[in-house]
Protein chains: 2
Amino acid sequence: MSEPGPELEIVHLLRKVTVEFGLRQAEFAALHHMHSTDVRALICLLDAERAGTDATAGWLGAQLGLNSAGTTAVIDRLERLGHLTRTRDPRDRRRVLLAVDDRAVELGWAFFGPLIENTVAVLRDFDESETAAVRRFLYAAHRAVTSIP
Amino acid sequence: MSEPGPELEIVHLLRKVTVEFGLRQAEFAALHHMHSTDVRALICLLDAERAGTDATAGWLGAQLGLNSAGTTAVIDRLERLGHLTRTRDPRDRRRVLLAVDDRAVELGWAFFGPLIENTVAVLRDFDESETAAVRRFLYAAHRAVTSIP
DNA sequence: GTCCATTGTCTCGCCGAGCGAGATAATATG
DNA sequence: CATATTATCTCGCTCGGCGAGACAATGGAC
């Protein structure tokens with residue numbers, strides 16, 4: 001190992017971003033009397049909403065890598081804080097649908113908004129081929145990190 | 001919110017990568033009877049080693065966002081598993097220097113190696129301006145996510 | 001229809017990660 | 001040499017997350 005390699009630097013950079021981002025999440029969590037997992041849960045739920053998927057308890061648990069007991073606990077906490085609403089699915093009454101409260105979204109923007117804005121700002125100075133390169137790289141990284149073989 | 005914006009897609013992509021990467025870390029941790037924090041600790045220590053910084057217990061705690069008690073616990077666990085060695089700093093005998101065992105590095109490579117390789121592979125097809133763009137973007141993201149104001 | 005396997009969520013009891021408070025030892029500063 | 005400061009560790013506790021299993025709704029097979 002420890003072959004320097006110009007490409008490896010980029011991977012290390014990417015990893016550093018993930019590490020630091022994790023710390024920011026933890027700060028946000030502490031600030032609003034939550035835990036990292038709760039924040040990750042909210043993020044997953046917002047992603048689902050954006051994608052038009054309906055988010056059930058089981059689905060959320062899978063996203064977070066929790067078992068059902070842990071998942072119930074996360075949802076309980078978020079519901080108690082008013083960041084979340086449980087609704088039994090009328091089509092399949094075993095399932096519980098989860099909806100993020102608007103207030104929670106606002107809190108998230110207040111904290112992560114500037115951070116996102118700063119990141120996005122750089123992209124505005126990029127030309128077409130450069131943004132394409134970034135997108136292509138991130139897709140590759142996502143695929144690499146998603147495939148489990 | 002929910003202004004689509006072509007740049008935002010990239011940020012979401014980046015965030016997805018961080019989320020998935022977190023899950024892979026958790027899998028690696030479980031596989032080797034560790035916890036996510038322990039893996040993050042090892043990563044931080046390897047970064048320090050690569051950078052030539054010497055890693056003390058307190059420094060590690062700061063990187064992980066843990067207090068001293070929690071930090072001691074992490075180090076205890078890693079030492080018990082043989083992934084780590086404690087050494088009292090001869091220059092300042094209050095400090096404890098941490099060194100990652102080679103065996104732990106091998107385990108990490110076995111798991112994350114292919115994942116890194118897949119990511120790096122894409123970069124090989126990139127021309128100079130494209131890799132530069134990726135690097136520039138990641139630097140910006142890192143800066144955005146590191147500044148705490 | 002009636003049974004039964006399956007699926008989705010929740011309850012209970014326990015383990016242990018991480019915290020706060022404070023002890024201890026080594027180093028600086030007067 | 002006394003005292004403040006720094007770095008790490010110990011103790012006791014809280015509570016997130018797990019395994020096991022309960023319970024309800026669903027979808028077959030017959």
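Please read all numbers here as calculations on a predicted model, not as lab measurements. Chain letters run A, B, ... following the sequence lines, proteins first and then strands; every chain starts at 1.
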Nearest-0.5 Å distance, CZ of residue A:Arg77 to CG of residue A:Leu84: 11.5 Å

Atom pair CG/CG of A:Asp101 and A:Leu45 - distance to nearest 0.5 Å: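 Reported value, rounded in 0.5 Å steps: 12.0 Å.
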
Bend angle of the helix from C:dG1-D:dC30 to C:dG30-D:dC1, end axes from five pairs each (to 10°):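 The angle, to the nearest 10 degrees, is 20°.
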
B:Val122 backbone acceptor or donor facing B:Asp125 side chain under 3.5 Å: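 Answer holds: no.
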
A:His12: partners by ring pair (Phe, Tyr, Trp, His ring centres under 6.0 Å), with sequence neighbours left out: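 A:His12 satisfies ring pair (Phe, Tyr, Trp, His ring centres under 6.0 Å) with no other residue.
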
Nearest-Å distance, [atom1] ([X]) to [atom2] ([N])?
| X | N | atom1 | atom2 | value |
| --- | --- | --- | --- | --- |
| A:Leu78 | C:dC10 | CG | P | 13 Å |
| A:Arg91 | D:dT26 | CZ | P | 12 Å |
| B:Leu64 | C:dA17 | CG | P | 14 Å |
| A:Arg93 | D:dG27 | CZ | C1' | 16 Å |

4.5 Å side-chain heavy-atom contact, A:Leu98 and A:Trp59: no

Residue pair B:Asn118 / A:Arg143, side-chain heavy-atom distance below 4.5 Å: no

In one Ile/Leu/Val/Met/Phe/Trp/Tyr side-chain cluster, 4.5 Å: B:Phe111, B:Val100: yes

Sugar-phosphate or base contact per nucleotide [nucleotides 6-19 of chain D; S, B, -; heavy atom under 4.0 Å]: BSBBB-----SSBB

CZ (B:Arg124) with more than 12 external heavy atoms under 6.0 Å: yes

